[in-house]
Amino acid sequence: MARGLLGARLISDVGGIRTSGVIVETEAYEGLDDPASHAATRVGRTRRNRAMFGPPGRAYVYRIYGMHWCVNVVTGREGDPQAVLLRGLDPLEGLEAMAHRRGGRTPLAAGPGRLCQALGITGALYGHDLRRPPLRLEPGWAVERVRIGVGGRIGVRAAADRPLRFYVQGAPGVSRVLSRREPP
DNA sequence: ACTCCGATTGTT
DNA sequence: ACAATCGGAGTA
């Protein structure tokens, strides 16, 4: 599912401003059996992860480090809390608006926090149906398998070795890992 | 009530 | 290498 979202189009009309791009980096979170998931068994249903237990095609938005927003696409059926974190986007429309929202900083939408900031995604979109404005997910372009990279998820401690991060090799919207901690 | 810390980013 | 910044989740 996370792999399939590569090449899809994400369109935002938040604030009446059109911004869009192609998804080039994702991470899968496998729910109950995934210790890195916000909806792992040991956590159970909470107010925060409620959207992940809902129907697929909705947005699970959460705040991280008290300052950044991250957005997931809920992919599991109702009651099965699977989700895909959107980590990187190649901008298509509204580059100027993105730059403004990003405070002139670059890159525009490489990284989950930057992606949300560039598209104006906040907690106001918690549980939002991604078939409708102001945030829509649409079919985009098929990505050749040979161009897809796979690796461990970034920033997670538990199950960091599971190959659940997918990205389009060479795409500018893929986040860069500054420092990586090596296992002892 | 209190502690710990995170699916990050930007600066030093 | 480290600060920013705060709510979620665990413990008491």
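The analysis underlying the following values was restricted to heavy atoms, covering all of them including side chains, and did not include hydrogens, waters or symmetry mates. Each chain gets a letter, A, B and so on, in the order its sequence line appears, and its residues count up from 1. These figures come from a predicted structure and were not determined experimentally.
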Next item on the list: Could you tell me the separation between the CZ atom of A:Arg105 and the C1' atom of C:dA4, rounded to a whole number of Å?
Entry: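 About 12 Å, once rounded to whole Å.
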
Checklist line | Rounded distance (Å) that lies between atom C1' of C:dA4 and atom CD of A:Gln117 | finding: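 After rounding, the gap between these two atoms is 14 Å.
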
Checklist line | Face-on cation placement of A:Arg50 at A:Tyr60 ring, 6.0 Å and 45° thresholds | finding: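 No, cation not above the ring by the 6.0 Å, 45° rule.
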
Note to self: Less than 6.0 angstrom from the centroid, inside 45 degrees of the normal: does A:Arg165 satisfy that with respect to the ring of A:Tyr167?
What the structure shows: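 Yes, A:Arg165 sits over the ring of A:Tyr167.
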
Item checked: Contacts of type side-chain hydrogen bond (donor to acceptor under 3.5 Å, both in side chains), residue A:Glu93, not counting sequence neighbours ->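 So A:Glu93 forms a side-chain hydrogen bond (donor to acceptor under 3.5 Å, both in side chains) with A:Ser20.
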
Notebook entry, point to check: Can you tell me if CZ on A:Arg147 sees more than 12 non-hydrogen neighbours from other groups inside 6.0 Å?
Noted result: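 No - once you tally the heavy atoms of other residues, nucleotides and ligands closer than 6.0 Å, there are 12 at most.
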
Note to self: Heavy-atom nearest nucleotide on DNA chain B for A:Pro107 versus A:Val156: which residue maps closer to 5'?
What the structure shows: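 Closer to the 5' end of DNA chain B: A:Val156.
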
Next item on the list: Return yes if a side-chain donor-acceptor contact under 3.5 Å exists between A:Gln117 and A:Arg102, otherwise no.
Entry: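 A:Arg102 and A:Gln117 do have a side-chain donor-acceptor pair below 3.5 Å.
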
Checklist line | Partners passing salt bridge (charged side-chain N to carboxylate O under 4.0 Å, His left out) against A:Arg131 (at least two apart in sequence or in another chain) | finding: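 Partners of A:Arg131 by the salt bridge (charged side-chain N to carboxylate O under 4.0 Å, His left out) criterion, ordered by chain and then number, come out as A:Asp129.
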
Check: Looking across every strand, which nucleic acid part, if any, lies under 4.0 Å from A:Ser175 by heavy atom: base, sugar-phosphate, or nothing?
Finding: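 Here A:Ser175 touches no strand at all.
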
Next item on the list: Scan A:Arg165 against the nucleic acid and name what it touches under 4.0 Å (heavy atoms): base, sugar-phosphate only, or nothing.
Entry: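 The residue A:Arg165 makes no contact with any strand.
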
Next item on the list: Report the residues that fulfil side chain to side chain contact (heavy atoms under 4.5 Å, CB included) with A:Ala2, sequence neighbours left out, ordered by chain and then residue number.
Entry: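 Checked A:Ala2 against side chain to side chain contact (heavy atoms under 4.5 Å, CB included); matches are A:Thr26, A:Ala28, A:Val84, A:Phe166.
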
Checklist line | Separation between the P atoms of C:dT5 and B:dC2, rounded to whole Å | finding: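 It works out to 23 Å between them.
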
Checklist line | Pairing annotation in dot-bracket form, given for DNA chain B with Watson-Crick or G-U pairs under 3.5 Å and | for cross-strand partners | finding: ||||||.||||.

Item checked: Shared-cluster residues of A:Leu92, by chain and number - hydrophobic side chains joined below 4.5 Å ->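 Members other than A:Leu92 - counting any ILVMFWY side chain reachable under 4.5 Å - are A:Val22, A:Trp141.
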
Item checked: Strand-adjacent residues in residues 56-94 of chain A, judged by heavy atoms under 4.0 Å from DNA chain C ->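 Within this stretch, A:Tyr65, A:Gly66, A:Met67 sit under 4.0 Å of the strand.
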
